[in-house]
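One structure below.
Just so we're on the same page: letters track the sequence lines, and every chain starts at 1. No hydrogens, no waters, no symmetry mates; every other heavy atom, side chains included, goes into these values.
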Number of protein chains: 2
Amino acid sequence: MSFAKLDDHCRALGALEHALSILGTDEAVNMAPGGGEARAEAMAGLSGMYHRQATDPHVPDWIAAARAEELTQEQRVAVDELERSYVNLTCLPPEFVERKMRTGMRSEQLWRTARPKGDWEAFRPALEGVVALMREEAAMRAEVLGLAPYDALMEQFDPGNRSADITPVFAELKAFLVDFLPRALAVQEQRRARHPLKPLSGDYPVERQKSLGLAMMQAVGFDMNHGSLSVSDHPFCGGVPTDVRMTTRYRTDEFLSALMGILHETGHGLYEQNLPKAWAHWPSGKARGMALHESQSLFVEKQIGRNPAFWHFALPLVDAHLKESWTIEDLLPHVHQVTRGKIRVDADEVTYPLHVILRYELEQELLSGRLEVRDLPEAWDAKMQASLGISTLDDPKNGPMQDVHWPSGAFGYFPSYTLGALMAAQQWAAIARLNPDVDAEISKGDFTMVNAWRRDNIWLKASTGSTPEILEQATGEALNPAHFIAHLEARYGG
Amino acid sequence: MSFAKLDDHCRALGALEHALSILGTDEAVNMAPGGGEARAEAMAGLSGMYHRQATDPHVPDWIAAARAEELTQEQRVAVDELERSYVNLTCLPPEFVERKMRTGMRSEQLWRTARPKGDWEAFRPALEGVVALMREEAAMRAEVLGLAPYDALMEQFDPGNRSADITPVFAELKAFLVDFLPRALAVQEQRRARHPLKPLSGDYPVERQKSLGLAMMQAVGFDMNHGSLSVSDHPFCGGVPTDVRMTTRYRTDEFLSALMGILHETGHGLYEQNLPKAWAHWPSGKARGMALHESQSLFVEKQIGRNPAFWHFALPLVDAHLKESWTIEDLLPHVHQVTRGKIRVDADEVTYPLHVILRYELEQELLSGRLEVRDLPEAWDAKMQASLGISTLDDPKNGPMQDVHWPSGAFGYFPSYTLGALMAAQQWAAIARLNPDVDAEISKGDFTMVNAWRRDNIWLKASTGSTPEILEQATGEALNPAHFIAHLEARYGG
């Protein structure tokens, strides 16, 4: 009976999550301009209800009582994961949670006004407040969870990820990339000398791009009976597993950014749509975390969508929907473009990890107190110079002010992006070992085997293990940067 | 402090109402086909939370304590209305509420399958179950509220409406209409003999109809900063006051049905958008009830939208958006078409009240036990013959099986439609007394004065009085059918 009580508990939380998720999507896609204030109030009210119910002090008793009942293996895993989620939700005192929310909101607002002006000095005190708070939070979480402070923060986003495992992997990757980037740029230059870049520019009506996007989504496995594609300022994948709401935005002067964005979000969508239905309302039935989620979007965007084999299948679709004719030789240089740049979100798959590792290193130093916010611009600049050969010292807007994560109090989140890229490459390598013909299948638009492997090894696993456990069960080995490195060598090393 | 507690209580309910309202709109407009089951479960979960919180047993104590505090007049009215709403919500035992929900859902499902086949005998037992339940419910509500059973049901939809007031009004109206309808049809025939009907048919792309609809909505006062127009199978006006979601559906072979539908929903939308903002989360700040709501939609659709003066302003807009040319002489006969028919929802403003009064009479007989469900087809037929001269005996699908109201357990709701029409005419007459130039203003597309009167007298009153109180304060008299009768005489009497 106690398990049934927990089931009801999860079902009630599920209803609130469903509402919050659809309201969030609706806000970005359909809300009238003047509806924001009432929407914010309603969502705050529902979030409060969610938090109160999720942290109900009876939950530990119900969990203990349920464990005394005869449970299936799946039920035991579900109870364990619920407990993990409950502990993570309740390890901060309510007073602190409220203080953090206020500080984070104020700091984020300040960031939104200071950033366009690049006004570091106006923004600095707010970030100092956030960093002080994050040091407190990390210490409290560490205490409850028995983890190192930074690991305790990462635990919210990717259970089981530990800096002791990640740091050497990132160090190896960084050493490789610093050496590899000039080489990849030289290769790119030689290729362009032989085959001049054909500009992407043209006139691409939104309706044609949308029909192309829908065709691509469905080709790689998205179920239109349980999802849709619409438009928002900032593309995202929201909604609920039975109704995944993907968005994109279109420029009419080129088609590749919307298309690659759609492929990326489709990767997120496939994960959500294929989670185990019976456990949808339990934490164990939800997507594992940010890194694995990103591995799914990057799998579709990079491992599939930037794979030359894919374009043998995709190019005729592009031509049919956009009513024009591209050759693989003309299109691939755009798909594989490598550029040194200051901005993480604009980076390509070669340079992106350097942006992330820089943040991973700096946020640990900020948390530990080895670095103070006032010294951040110089520290940032030194690392940018060392890894990308670019200075941001006179451009803080595109230096340490560029991301919303720190101002909003999200520390320990950044590594997920590059862990996702590494895991996607590692999953691809596992598939290619099993099926050496995978490129041939993809060049025919046949994703059956690729998706079957992902469904069994990632999607249906949901949150039944930690992030490293799921990766190791799926690929037969722990996180290994060699696969991503080999992938970059093959694609960009000439 | 107790008033503040009630304020928090209303705010929490407001968040859940907001979610339910947007989820309902989203379901009709944006949901993926396969998303229905999870959506139904989430909405049931949220409705359950709403009901538990709204019927919190502490509420009466908080109300009593709040009344002991120093309150403004507005606060006192708000507490009174909250109490009224609480009593109406808690007057049925939970066991009964659950039984009613199950019976209503089963019966509605049965109706959906039996109706297309016109299978009265398959549907009858379900309706018998509903009627038995409604007799129980009416008795329980009557006991708690100290009202007659039928009045106790109406009280849910239109507080203060009493059959003792309505029955003589409906009797007078019915006597008039039975006599008037043949006359109006004869007038129509003479007019058509003089000026043959120009068919409405044509080819009207959805985009043009939509831009016309948006132009009309804004012309009559709809605020696009707090609302939008989209498409759904069954047009409705949903959302929240700060973000009113109107829908319509388009046929491409004629434009009038979508346009008149948009004007109707705009009337609902104007009411919602102009409710008093400060009291939005309290019952006293919400729209009064179904009859007054319908009076607002019918005001825009019939008093404004079918007024010949309006078309002097509207026709150039129609021509500009649809890129064709209509004359008032050609269009008005469509706007003013009168037809004898079996179906309420297809009826015009002359015949519609006859459909409603028939149901008003029959549902009272069913409730009181003077009529049994098995005798309903004959009773229905007799009344249809007497008032509209049509038999439905061999067509139960378009007889007593045509509406969803009874199968779903909504008794006491039907009179609201015709009360709305009467009230709309009475409001128009009050405005015309104050401002004899109202037609001239409307023919110029100037709705300033009309809307100012409605804002002050209806919209901002929200639920600060009963339905008859608000009507009488606004128009200076109790419900009076003479205004509607005069309106029909002027428009259809030749």
Discussion item. Which heavy atom of Met224(A) sits nearest to which heavy atom of Ala32(B), and what is that distance?
Written reply: O-CB, 4.4 Å
Worksheet item: Heavy atoms under 4.5 Å from chain A: which residues of residues 95-102 of chain B carry them?
Response: none
Worksheet item: Of all heavy-atom pairs between Ala15(A) and Ala42(B), which one has the smallest distance, and what is that distance?
Response: CB-O, 3.6 Å
Discussion item. Shorter than 4.5 Å, heavy atoms on both sides: which option in Ala12(B), Gly34(B), Gly14(B), Gly35(B) has the most such pairs with chain A?
Written reply: Gly34(B)
Practice prompt. Could you please state which residues from residues 44-54 of chain A sit under 4.5 angstrom from chain B, measuring non-hydrogen atom to non-hydrogen atom, sorted by number, or 'none'?
Written response: Gly45(A), Leu46(A), Met49(A), Gln53(A)
Practice prompt. Report the option among Arg39(A), Glu41(A), His226(A), Arg11(A) that has the most heavy-atom pairs separated by less than 4.5 Å from atoms of chain B.
Written response: Arg39(A)
Fill in: From Glu37(B) atom CD to Lys277(A) atom NZ, the distance as rounded to the nearest 0.5 Å
11.0 Å
Worksheet item: How would you list, in number order, the residues of residues 237-250 of chain A that have a heavy atom less than 4.5 Å from chain B?
Response: Thr242(A), Asp243(A), Arg245(A)
Item to complete: Examine whether an atom of Asn30(A) lies under 4.5 Å from a heavy atom of chain B, and if so say whether it belongs to the side chain, the backbone or both; otherwise answer neither.
Response: both
Discussion item. Is Leu16(A) close to chain B through its backbone or its side chain, or both, or neither, when contacts mean heavy atoms under 4.5 Å?
Written reply: both
Item to complete: Considering only heavy atoms, give the residues of residues 203-221 of chain A separated from chain B by less than 4.5 Å, sorted numerically, with 'none' for an empty result.
Response: none
Worksheet item: Out of curiosity, Met43(A) CE to Ile22(B) CD1, how far, rounded to the nearest 0.5 Å?
Response: 11.0 Å
